[in-house]
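In each ligand, atom 1 is the first atom listed, and ligand 1 is the first ligand listed.
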Amino acid sequence: MRVLSILLFISIFLYADEVVRLTDKYLNSQKCKACHYQIIDQWKSSWHAKSHYNNDEYFRKTIDYLGRKSRKSKNAIRVSCASCHNPRITVTQTDENYEILVAMKLDKNSGINEALASKNLAEGINCVVCHNIDKIHTKFNSSKHGVHRISWMPQGTMVGPFKDAFSPYHKTEQRKHFTSEVDTLCFTCHANDHTESGLVFTNMEKEYQKNAKKCVDCHMSPKIDGVASTLPLANAKPKKRKVRKHGFRGAHTESMWQGALGLSVKKTNKALIVTLKNSIPHNIPSGFGSRELIIDVEYKNAGEVIARESISLTRRYISKRKKPTIAHLAVSQSKDMSIAALGEKSLKFKLNKKADSVNVTVSYRLVNDEIRTLLDLKEAIWSKKMLINTHRMKL
Ligand code: HEC
Ligand code: HEC
Ligand code: HEC
Ligand code: HEC
Ligand code: HEC
């Protein structure tokens, strides 16, 4: 019995990591363009499409930094990140032998370098990632995510929300992770991001408070009238469908932040109490570490600013040597300062007695000062303060 269950365990393990190589016919979004161009246009502007070493400065510099600070080679690190960032990669693990090749500068023609250079990977999380997932193994150990948590369809079968879809180019099949259990699809990667030693620095699945809305309601769109494919079918017209947009807009888009947190301000004898209310079913900030909420308080007298105060809600990471570091190298982390899913947080500021009015502003930054400096992030988006909410009050 024991042997059997061990064998079963091993076979499940191997099965999950099985690689299905794509031939040219289904390789990337270019191949879907003739019949799904509107979806491709929307997806192209998403950060799913930018999830690659070459296309996301923060991602690239994090890998470069890890390459300098750990014993693993940069390409071996890229393979481990690919399990969620580039899941169509054809190798899912590297070993000591590869490190020896790298040290001897003999890795150039290795399968691993070849796999990383694939054109398909440059598209990040593309159509044939989500729409080729056959099964999501929710019973697997929670440390296994991305490519280690799924099994692929045979190539050429696209899974989706419809039972009755017909395409002359590919087979179609319906799966629950596109209908009633669509959150599970997102949690394949948006969960349990951890360091090699097992410190979990973000876990959206754990903090999530299930309510009426699903991830796709807010990060795709409500269901709207449209077409799934522009290919004319019956009556020489494309079939009408209820569809969602494929923009996956999130933290990098300022307009998504407007009003994302409720803001109220109360005055007591000695203090100003600022309350932030989160009506979203996950924490804010959530997702990746080192995101930041900034609360700025500006005291005024007769229209002139007389004092300013600021609180930063962010998470900091400490290395083995007790120095500030990036999430992936942390051995410990500071307290979670985020506003809990469907929760609220109140912050106290000292009341300025000379002021006759106050402006409170809440904004968001993708990367806090500490990590921006450490990684030398240059693009403007990483330091941009995105407005969430403001409140003006007479004192
Ligand atoms: C991150 C995962 C993800 C990626 C990447 C993705 N899709 Fe989807 N797609 C979905 C989900 C989820 C739905 C189902 C939405 C619903 O009906 O609730 C969907 C629905 C669809 C549908 C059915 C019609 C509709 O729009 O609802 C088509 C067709 C489709 N996707 C094609 C594509 C193509 C082509 C690409 C590549 C540009 C792509 N998808 C990329 C997750 C994804
Ligand atoms: C020659 C046209 C054509 C090409 C090329 C094409 N598709 Fe489709 N696809 C269709 C048609 C037609 C449908 C069915 C539309 C309907 O029933 O409303 C469809 C349906 C789908 C669905 C929905 C399946 C379901 O059961 O819900 C997905 C997902 C999808 N295609 C993905 C892709 C991807 C990814 C590619 C590129 C690798 C691609 N398609 C290439 C024509 C095409
Ligand atoms: C294969 C893994 C994977 C799956 C499946 C996946 N995501 Fe993502 N998602 C990522 C990664 C990796 C990023 C970060 C990309 C980057 O910034 O380079 C991301 C980023 C995002 C963002 C942030 C975008 C921004 O502009 O800040 C949103 C929102 C998002 N995903 C929503 C979803 C939703 C909703 C689903 C389910 C329908 C989903 N994702 C499924 C891996 C995945
Ligand atoms: C009720 C709407 C709503 C639902 C449901 C929802 N989100 Fe969000 N999410 C938001 C808003 C608003 C933000 C903040 C602005 C932004 O980044 O889009 C956000 C932020 C994010 C971010 C960026 C966080 C950061 O600080 O980097 C990710 C990633 C994300 N959501 C993924 C998901 C996933 C995955 C699900 C489902 C498990 C989900 N969201 C469910 C509204 C929602
Ligand atoms: C368990 C899946 C998973 C693994 C493995 C993973 N990531 Fe991510 N990563 C994500 C998701 C999901 C997001 C998007 C969260 C968000 O936007 O808040 C993300 C976002 C990021 C971001 C922020 C990107 C941006 O544009 O803001 C960086 C940087 C990053 N990851 C680096 C890495 C590195 C480096 C590795 C490998 C050492 C790695 N990740 C491995 C899931 C993963």
Side-chain angles (χ1 to χ4, degrees), residues 45-53 55-67 70 72 76-88 124-126 129-130 133 136 143-150 177-178 182-196 200 202-205 207-220 244 246-261 278-293 326-329 338 341-342 364-367 371 375 377 379 381-382 386 388:
S45 67
S46 77
W47 280 73
H48 278 156
K50 293 193 179 69
S51 174
H52 185 265
Y53 186 79
N55 302 331
D56 181 333
E57 186 194 15
Y58 189 13
F59 184 50
R60 174 171 61 254
K61 289 192 170 164
T62 303
I63 291 171
D64 292 348
Y65 189 81
L66 280 165
S70 70
K72 256 186 166 179
I77 294 164
R78 284 181 63 188
V79 169
S80 79
C81 311
S83 59
C84 296
H85 283 261
N86 303 99
R88 288 282 9 180
I125 298 145
N126 67 0
V129 171
C130 293
I133 296 177
I136 301 172
S143 66
K144 291 196 183 309
H145 275 87
V147 86
H148 307 299
R149 202 173 184 75
I150 56 147
H177 48 265
F178 285 91
V182 67
D183 287 353
T184 322
L185 174 65
C186 315
F187 289 142
T188 303
C189 307
H190 288 267
N192 203 289
D193 207 350
H194 55 82
T195 63
E196 241 170 51
V200 178
T202 165
N203 196 343
M204 198 174 257
E205 186 169 18
E207 73 198 24
Y208 203 61
Q209 300 285 332
K210 268 209 163 53
N211 71 355
K213 287 218 170 154
K214 297 187 154 70
C215 316
V216 291
D217 290 313
C218 301
H219 292 291
M220 290 182 84
R244 294 189 199 267
H246 273 69
F248 299 103
R249 280 207 300 270
H252 298 69
T253 306
E254 183 159 27
S255 60
M256 282 289 288
W257 282 105
Q258 280 159 25
L261 289 169
N278 182 3
S279 48
I280 290 160
H282 56 67
N283 294 17
I284 296 238
S286 179
F288 196 59
S290 306
R291 307 283 201 217
E292 185 180 32
L293 278 180
I326 57 171
H328 288 98
L329 286 174
S338 63
L342 307 180
Y364 175 90
R365 214 155 34 189
L366 285 162
V367 197
I371 298 303
L375 296 180
L377 296 177
E379 288 168 18
I381 190 170
W382 313 118
M386 299 189 254
I388 298 180

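- With a 4.0 Å heavy-atom cut-off, ligand 5 is reached by the backbone of C81 and by its side chain too.
- Under a 4.0 Å heavy-atom criterion, L366 is not in contact with ligand 5.
- Counting the atoms of ligand 3 from 1 in the order shown, those under 4.0 Å from a heavy atom of P87 are 1 (C).
- Residue contact annotation: P285 has no non-hydrogen atom under 4.0 Å from ligand 5.
- Side-chain atoms of N203 do not come within 3.5 Å of backbone N or O of A191 as any donor-acceptor pair.
- Heavy-atom proximity to atom 39 (C) of ligand 4, evaluated over M256, H282, K214, is greatest for H282.
- Between P281 and N211, the shortest heavy-atom contact is CG-OD1, 3.9 Å.
- Close to ligand 3: C84, with a non-hydrogen atom less than 4.0 angstrom away.
- With rounding to the nearest 0.5 Å, the separation of CZ in R365 from CZ in R291 is 13.0 Å.
- Among the atoms of H85, some N or O lies under 3.5 angstrom from an N or O of ligand 5.
- Heavy atoms from other residues, nucleotides or ligands lying under 6.0 Å from CZ of R244 number more than 12.
- The two atoms that bring E205 and H145 nearest to each other are OE1-NE2, 4.3 Å, heavy atoms only.
- For ligand 4, the atoms lying closer than 4.0 Å to a non-hydrogen atom of F187 are 38 (C).
- Near I63, with a cut-off below 4.0 Å to any heavy atom, the atoms of ligand 5 are 35 (C).
- Applying the 4.0 Å criterion to heavy atoms of L66 picks out, from ligand 5, the atoms 35 (C), 38 (C).
- Ligand-side atoms of ligand 3 in range of V216: 38 (C), range being under 4.0 angstrom from any heavy atom.
- Residue-ligand proximity, C218 to ligand 4, at heavy-atom distances under 4.0 Å covers atoms 1 (C), 2 (C), 3 (C), 4 (C), 5 (C), 42 (C), 43 (C).
- A donor-acceptor pair is defined here as one N or O able to donate and one able to accept, closer than 3.5 Å; such a pair exists between the side chain of H194 and the backbone of S143.
- Comparing D183, I133, L185 against atom 5 (C) of ligand 3, the shortest heavy-atom distance belongs to L185.
- With a 4.0 Å heavy-atom cut-off, ligand 5 is reached by the side chain of W382 but not by its N, CA, C or O.
- Side-chain atoms of E57 come within 3.5 Å of backbone N or O of E379 as a donor-acceptor pair.
- Atom CD1 of I280 and atom OG of S286 lie 10.0 Å apart (nearest 0.5 Å).
- With hydrogens and angles disregarded, a donor-acceptor distance shorter than 3.5 Å links the side chain of H219 to the backbone of R249.
- Contacts between P281 and ligand 4, counted as non-hydrogen atom pairs separated by less than 4.0 Å, involve the side chain only.
- Contact record, I133 with I150: CG2-CG2, 3.8 Å, taken as the closest heavy-atom pair.
- Considering backbone and side-chain N/O of Y364, one or more are found under 3.5 Å from N/O of ligand 4.
- Residues M256 and C218 come closest through the heavy atom pair CE-O, 3.9 Å.
- A donor-acceptor pair is defined here as one N or O able to donate and one able to accept, closer than 3.5 Å; such a pair exists between the side chain of T188 and the backbone of T184.
- Here W382 pairs with W47, Y58, H252 under the ring pair (Phe, Tyr, Trp, His ring centres under 6.0 Å) rule; sequence neighbours left out.
- Judged by the shortest distance from any of its heavy atoms, I280 lies inside the 4.0 Å radius around the atoms of ligand 4.
- Between the side chain of N126 and the backbone N or O of A49 there is no donor-acceptor pair closer than 3.5 Å.
- Taking the six-membered ring where tryptophan is involved, the planes of F187 and Y208 are perpendicular, since the angle between them exceeds 60° and thus also 30°.
- In terms of N/O distances under 3.5 Å, ligand 4 is approached by S286.
- Taking distance alone, with nitrogen or oxygen atoms compared against 3.5 Å, A251 approaches ligand 4 more closely than that limit.
- Of all atoms in ligand 5, listed by their number and element, those nearer than 4.0 Å to a heavy atom of H145 are 1 (C).
- For ligand 5, one of its N or O atoms has an N or O atom of H252 under 3.5 Å away.
- Close approach of ligand 3 to R249 (heavy-atom distance below 4.0 Å) involves ligand atoms 29 (C).
- Contact of the V216 side chain with the F178 side chain is not registered, since no non-hydrogen atoms from C-beta on lie closer than 4.5 Å.
- Summarising the geometry of L366 relative to A251, their closest heavy-atom pair is CD2-O, 3.6 Å, with the distance given to 0.1 Å.
- Judged by distance alone, with hydrogens and angles left aside, the side-chain atoms of N278 form a donor-acceptor pair with the main-chain N or O of H282 at under 3.5 Å.
- Annotation: atom 18 (O) of ligand 3 to nearest protein heavy atom, D56 OD2, 2.7 Å.
- For K61 against L375, the heavy-atom pair with the smallest separation is CD-O, 3.2 Å.
- Heavy-atom distances between I284 and ligand 4 reach below 4.0 Å in at least one pair.
- Below 3.5 Å of separation, one finds an N or O of R291 facing an N or O of ligand 4.
- Each protein N/O/S atom under 2.8 Å from atom 8 (Fe) of ligand 3 was counted, for a total of 2.
- The ligand atoms of ligand 5 that sit less than 4.0 angstrom from a heavy atom of S83 are 5 (C).
- Side-chain atoms of S51 come within 3.5 Å of backbone N or O of H85 as a donor-acceptor pair.
- Each of the following atoms of ligand 4 lies closer than 4.0 Å to a heavy atom of C215: 34 (C), 35 (C), 36 (C), 37 (C), 38 (C), 39 (C), 41 (C).
- Taking every non-hydrogen atom of A191 and a distance limit under 4.0 Å, the qualifying atoms of ligand 5 come out as 1 (C).
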